Enquirer: 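Let me give you the structure first, and then I'll get to my questions.
On a predicted model such as this, the values are computed, not experimentally measured, just so you know. Throughout, protein chains are lettered first and strands after them, A, B, ... in sequence-line order, and every chain is numbered starting at 1.
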2 protein chains.
Amino acid sequence: MPSSKPEAAETPSTSLKGRRRATLRDVAAALGVSPATVSNAYNRPDQLSAELRARILDTARDLGYWGPDPTARGLRRGATDVIGVVYADRLSYAFADPAAALFLRGVSNATEALGINLLLLPAAPHPDRETSSLVHAAADGFVLYSLADDAPALGLALRRGLPAVLVDVAPRGDVPTVTIDDVGGARSACEHVLALGHRALGVLGLEFDRTRRRGLANADRQADVPFFVTRERLRGYRSAVEAAGLDWQTSTTVFECAENLPEEGYEAAMALLSTETRPTALLAMSDQLAFGALRAAADLGLQVPNDVAVVGFDDVPLAEALGLTTVAQPTFEKGRLAGKLLLARLAGEEDASPAPLSTTLIVRGSTVRAS
Amino acid sequence: MPSSKPEAAETPSTSLKGRRRATLRDVAAALGVSPATVSNAYNRPDQLSAELRARILDTARDLGYWGPDPTARGLRRGATDVIGVVYADRLSYAFADPAAALFLRGVSNATEALGINLLLLPAAPHPDRETSSLVHAAADGFVLYSLADDAPALGLALRRGLPAVLVDVAPRGDVPTVTIDDVGGARSACEHVLALGHRALGVLGLEFDRTRRRGLANADRQADVPFFVTRERLRGYRSAVEAAGLDWQTSTTVFECAENLPEEGYEAAMALLSTETRPTALLAMSDQLAFGALRAAADLGLQVPNDVAVVGFDDVPLAEALGLTTVAQPTFEKGRLAGKLLLARLAGEEDASPAPLSTTLIVRGSTVRAS
DNA sequence: ATGAAAGCGCTAACAG
DNA sequence: CTGTTAGCGCTTTCAT
């Protein structure tokens with residue numbers, strides 16, 4: 001077969017099937033200019049005549065060259081224009097929670113003005129690997145969202161030496177941290193139901209640690225909770241209970257959920273409402289869990305709020321529609337602030353951590369019968 | 001000041017403030033082994049003795065070397081393990097829509113098993129630049145979600161020659177495309193209200209094109225709609241109307257919204273319900289728009305469904321809570337499919353586009369009074 | 001099991 | 001306004 005290999009036939013234009021993708025060098029060679037000039041045509045239009053630039057861009061198109069390779073560019077420039085947002089769980093759960101989505105919205109609101117994009121990263125390592133994929137991620141900085149204090153990913157990210165911002169994580173050292181007033185929010189939720197006369201309470205807890213355990217949490221279990229948000233809210237509930245002169249252990253049963261999903265809240269509520277000291281009020285650490293509790297109450301034929309009162313946390317859109325009393329937090333703002341803080345850090349500024357953002361109890365029909 | 005510059009004092013461990021970040025070479029030099037061996041310690045543990053590997057990792061830690069630089073690694077390997085998800089709008093809107101979040105959830109569900117991460121990219125260029133940031137994005141492939149047929153980003157992404165998958169975009173050439181049965185879904189929504197006896201209809205349309213126009217859309221305007229989803233759903237509504245022997249122009253008023261937000265749906269419904277031929281049924285191209293319509297009806301003192309019926313599209317969680325009749329689509333599955341298709345493409349397989357995913361009308365109280 | 005050599009594709013200085 | 005020079009930090013044959 002003599003004709004099988006056309007020996008590098010000239011295929012100047014639309015040579016998409018060329019043996020190799022065209023590079024900046026090829027374009028330079030084709031025009032007899034230097035690579036630097038071609039680079040400038042893309043990165044600094046003002047550094048060369050409009051005419052030459054046009055010729056370069058044209059030849060590039062003909063050669064099937066679409067522009068500087070982002071990876072090579074990143075290596076050379078030492079920047080990727082990407083920030084990694086690290087989420088505690090698998091990514092597919094990050095979007096299940098409206099509050100997480102709203103947070104992301106806040107972050108991108110801060111970054112998109114600068115043309116910086118968001119890389120979503122799960123903190124948990126890929127099953128086959130030993131470390132979180134965040135060590136392989138090309139990014140200029142990280143937003144570490146809602147990780148357990150002892151999450152390996154946290155250490156990895158911080159050790160990497162890139163700028164980082166913590167969100168809903170216990171403040172540590174000099175890393176800028178964004179938090180909300182979890183203790184105060186939880187306390188106000190609890191005070192609210194106590195004021196309504198409830199004396200037997202049930203807590204629907206978010207994850208305590210990374211074990212994905214699900215079940216009642218005794219005093220021991222409540223002792224050292226690595227998840228900051230869970231720990232703080234628990235503290236808040238407790239402080240209200242004790243301030244009311246009640247004994248925490250006997251008045252309040254705590255159930256620990258494995259994930260922030262309505263299904264988990266459903267299970268938790270089912271379990272709590274079946275204990276001998278059946279609570280008359282359920283304090284959920286998230287609206288997602290509270291939604292499950294509302295469903296559980298309905299399935300058990302219990303009236304809300306008469307038979308059982310329910311309070312959530314977050315105030316996602318569905319909360320209003322369902323008449324859920326809840327603790328509102330400025331989730332979007334939290335994200336925006338985290339984004340801004342990281343950008344400042346990237347720019348070399350040394351912003352201090354802001355004060356915890358404040359929360360507000362929103363009273364709706366799930367605790368107080370609509371007038 | 002003689003003592004100001006300690007002339008390269010030995011700071012072997014925790015030399016975080018060293019003049020330069022340690023590289024793989026430094027680690028190799030410190031141990032007197034070759035860079036290749038250090039590289040292997042990270043990438044191919046089986047290629048060297050456990051003992052040597054441990055020593056390498058230890059020295060690396062002491063030197064403040066946290067592992068191979070992802071960008072350099074990417075350049076050398078020719079892969080980033082990142083796929084870009086391109087969304088029509090600014091990123092901060094991508095998360096405003098629960099359906100978009102659910103879609104993303106589907107995509108990540110497909111990719112996370114392979115340790116591939118998601119880079120979120122807005123199709124619209126940054127105000128100061130002329131092209132979408134997707135040309136600067138280091139990624140191995142793209143999911144192009146819900147772009148207008150004439151969006152420049154679409155051409156750019158496709159021209160880049162990387163594997164790509166289209167979602168909710170008009171199929172073109174050989175690019176794998178995931179769509180749903182938009183026409184059928186819309187038709188079923190419309191048939192439903194026609195069957196209920198409605199004869200004056202209002203359509204709350206998603207974006208027609210990238211102009212962010214808002215207002216009534218006449219026949220001209222309805223002629224060539226670049227947004228695939230809008231075009232198809234319009235076609236679906238119309239086919240039902242005409243199949244019922246009605247005249248489209250006189251029976252149906254179409255309002256075009258500028259964005260997929262409840263506020264837009266509110267404006268649209270307000271406008272439609274104030275026209276002389278006041279519609280008795282509103283067909284919204286998304287649940288988000290429909291939610292706004294429900295609010296508008298309430299504000300106008302109109303009873304739903306008695307005074308005005310409302311049908312949505314998507315079936316997001318809130319739809320059930322609000323009793324919205326809507327067209328359900330498998331949004332999560334759509335994302336998962338898109339992810340799998342792209343991964344297959346990345347692996348060199350040539351999967352054909354799947355058939356459009358099917359939709360189902362879910363009848364609730366916004367069109368039919370609860371029994 | 002380990003090392004040497006050769007770039008991946010680009011851009012920042014600086015010189016002309 | 002344009003070209004020259006010199007790597008960015010890594011991985012991957014192919015030897016040894």
Enquirer: Select base, sugar-phosphate, or nothing to describe what A:Y65 touches, counting heavy atoms under 4.0 Å on all strands.
Expert: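 Counting heavy atoms under 4.0 Å across all strands, the contact made by A:Y65 is with sugar-phosphate only.
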Enquirer: Test salt bridge (Lys or Arg N to Asp or Glu O under 4.0 Å) on A:D150 and A:R210; report intermediate values, then the result.
Expert: CA-CA 9 Å; A:D150 60 351; A:R210 291 171 298 120; 3.5 Å; yes
Enquirer: A:Y42 OH to D:dT2 C1': how many Å, rounded?
Expert: 17 Å
Enquirer: Determine whether A:K340 and A:D351 satisfy the following criterion, salt bridge (Lys or Arg N to Asp or Glu O under 4.0 Å), listing intermediate values before the conclusion.
Expert: CA-CA 10 Å; A:K340 286 179 58 174; A:D351 284 19; over 6 Å; no
Enquirer: Indicate whether the side chain of A:S133 and that of B:N117 have a donor and an acceptor atom separated by less than 3.5 Å.
Expert: yes
Enquirer: Tell me the interatomic distance from A:R25, atom CZ, to D:dT5, atom P, rounded to whole angstroms.
Expert: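 Going from A:R25 (CZ) to D:dT5 (P), I get 12 Å.
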Enquirer: Of the candidate nucleotides D:dT4, C:dT11, D:dC10, which contains the atom at the shortest distance from the side chain of A:P68?
Expert: C:dT11
Enquirer: For DNA chain C, which residues of residues 134-142 of chain B approach it to below 4.0 angstrom with any heavy atom?
Expert: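 None - not one residue of the stretch has a heavy atom sitting under 4.0 Å from the strand.
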Enquirer: Quick one: pull up CG in A:L120 and CG in B:L104 and give me the separation to the nearest 0.5 Å.
Expert: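 That separation rounds to 7.0 Å.
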Enquirer: For A:E349, give me all partners under salt bridge (Lys or Arg N to Asp or Glu O under 4.0 Å), at least two apart in sequence or on another chain.
Expert: none
Enquirer: Using whole Å, report how far CG of B:D26 lies from P of D:dG9.
Expert: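 Roughly 9 Å, once rounded to whole Å.
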Enquirer: Using a heavy-atom distance cut-off of less than 4.0 Å, which residues of residues 46-58 of chain B contact DNA chain D?
Expert: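 Within residues 46-58 of chain B, no residue comes under 4.0 Å of DNA chain D.
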Enquirer: Please list, for nucleotides 12-16 of chain D, all pairs of protein and nucleotide N/O atoms separated by less than 3.5 Å.
Expert:
| unit_1 | atom_1 | unit_2 | atom_2 | d |
| --- | --- | --- | --- | --- |
| D:dT12 | OP2 | B:R44 | NH2 | 3.4 |

Enquirer: Out of curiosity, A:L154 CG to A:L158 CG, how far, rounded to the nearest 0.5 Å?
Expert: 5.5 Å
Enquirer: If you pin A:T37 and B:L75 to their nearest nucleotides in DNA chain D, which one's is more 5'?
Expert: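 Looking at DNA chain D, the more 5' nearest nucleotide goes with A:T37.
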Enquirer: Using distance alone, with no hydrogens and no angle criterion, decide if A:N40 and A:R53 have a side-chain donor and acceptor under 3.5 Å apart.
Expert: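 No pair is found: no donor N or O on one side chain lies under 3.5 Å from an acceptor on the other.
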Enquirer: A:R73 side chain N/O closer than 4.0 Å to the phosphate oxygens (OP1, OP2) of C:dT11?
Expert: yes
Enquirer: Hey, could you give me the CG/CG distance between A:L346 and A:L341, rounded to the nearest 0.5 Å?
Expert: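 Rounded to the nearest 0.5 Å, the CG-CG separation comes out at 11.5 Å.
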Enquirer: According to the salt bridge (charged side-chain N to carboxylate O under 4.0 Å, His left out) rule, which pairs have a member within residues 28-47 of chain A, sequence neighbours left out?
Expert: none
Enquirer: Under the side-chain contact (heavy atoms from CB on, under 4.5 Å) rule, collect the residues that match up with B:D81, sequence neighbours excluded.
Expert: B:R77, B:D140
Enquirer: In terms of ring plane angle, is the pair B:Y145 and B:F103 parallel, tilted or perpendicular, where the classes change at 30° and 60°?
Expert: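 It falls in the parallel class, under 30°.
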